[in-house]
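In what follows, every heavy atom counts, from backbone to side chain, and hydrogens, waters and symmetry copies are set aside. Throughout, a chain's letter reflects where its sequence line sits, starting with A, and its residues are numbered from 1. Treat the numbers as computed from the prediction; the structure is a model and nothing was measured.
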Amino acid sequence: DQQVKQNSPSLSVQEGRISILNCDYTNSMFDYFLWYKKYPAEGPTFLISISSIKDKNEDGRFTVFLNKSAKHLSLHIVPSQPGDSAVYFCAAVRSGTSYGKLTFGQGTILTVHP
Amino acid sequence: NAGVTQTPKFQVLKTGQSMTLQCAQDMNHNSMYWYRQDPGMGLRLIYYSASEGTTDKGEVPNGYNVSRLNKREFSLRLESAAPSQTSVYFCASSQRPRLVNTEAFFGQGTRLTVV
C-alpha cells in the first residue's frame, strides 16, 4: 500500500524553464509534507516543506503547493538550472509522530538540460 | 561539522553472513532512523529510535536488529544476510520529534550487496 506516490519516474526540462514535480498521498492523517533532493552517491538533503495549514510555501526558486482536498502536492522550480538535476522525493508525516519517521514517494529523476 | 556519518560506505556479503552498519550523528539529535532505498520503492523505514534507550519497528523490520548505543550512535545489524537485503541503507537523525518544522538529516548511505 503506497501511501505516497510520485507517478512520474522522470522529468526532463530545459534550463530556465519551470520544473513541476507532482506527488499524491492517500492517508488523510498526513499533515506535514517535505521535499528532499538526492544526488548520486549522496544522502537525501532537505529542500522545502509545508504544513497542512498552508497551501503554499516559497523558498527562493522553490515553491511547494498543497491541495488538501485532492491530496496532492507539487514542487515548482523556477527557473530550472542544470545543478537541479537530481532525484526528488516527496515525503509525508503525521503530527505527533517523530518527524524523521517519514513516508516517502518513489522519487522523480529531474534532468535539466543546458 | 560532520552531521550524520555512516560506515562502511560499501559492503559485499555472502548469503548467511552477518554485519553491523554503524551510524553516528554530532548534532545532538534525539531521534535516529534507518531507511533502505530500493529502485522504484523510495525510502522505506526499517527501524527508528525516538530517543536514547528506545527503538521501534518501522515499515520493513524483518531480518534486522538495531541498537541505540547512546544519543550519538544507532547501529543496524543483519544477523543472516539474504540477497533481498541488497540495497542502499541510509541513517538519519532529527532534533525535535514532536514539533513542527523539523526535517531529518541523512547520512551518505551504505551500499550493501548480498551475493
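Note: the hydrophobic cluster containing B:Leu45 does not contain B:Val66 (ILVMFWY, side chain heavy atoms under 4.5 Å, direct or indirect links). Hydrophobic clustering (side-chain heavy atoms under 4.5 Å, transitive across Ile, Leu, Val, Met, Phe, Trp, Tyr) keeps A:Ile48 apart from B:Phe106.
Looking at B:Tyr33, its side chain never comes within 3.5 Å of a backbone N or O of A:Leu102 through a donor-acceptor pair.
Enclosure of atom CZ in A:Arg17 is not indicated, since only 12 or fewer non-hydrogen atoms of other residues, nucleotides or ligands lie within 6.0 angstrom. Other residues, nucleotides and ligands contribute only 12 or fewer heavy atoms inside 6.0 Å of the NZ atom of A:Lys5. Few gaps surround CZ on B:Arg44; more than 12 heavy atoms of other groups in view lie less than 6.0 Å from it.
Heavy atoms of A:Ala41 lying under 4.5 Å from chain B belong exclusively to its backbone. If you measure heavy-atom distances from B:Gln6 to chain A, you find no contacts under 4.5 Å at all.
Residues A:Phe89 and B:Gln37 come closest through the heavy atom pair CZ-NE2, 3.4 Å. Across A:Gly43 and B:Phe90, no two heavy atoms sit closer than the pair CA-CE2, 3.5 Å.
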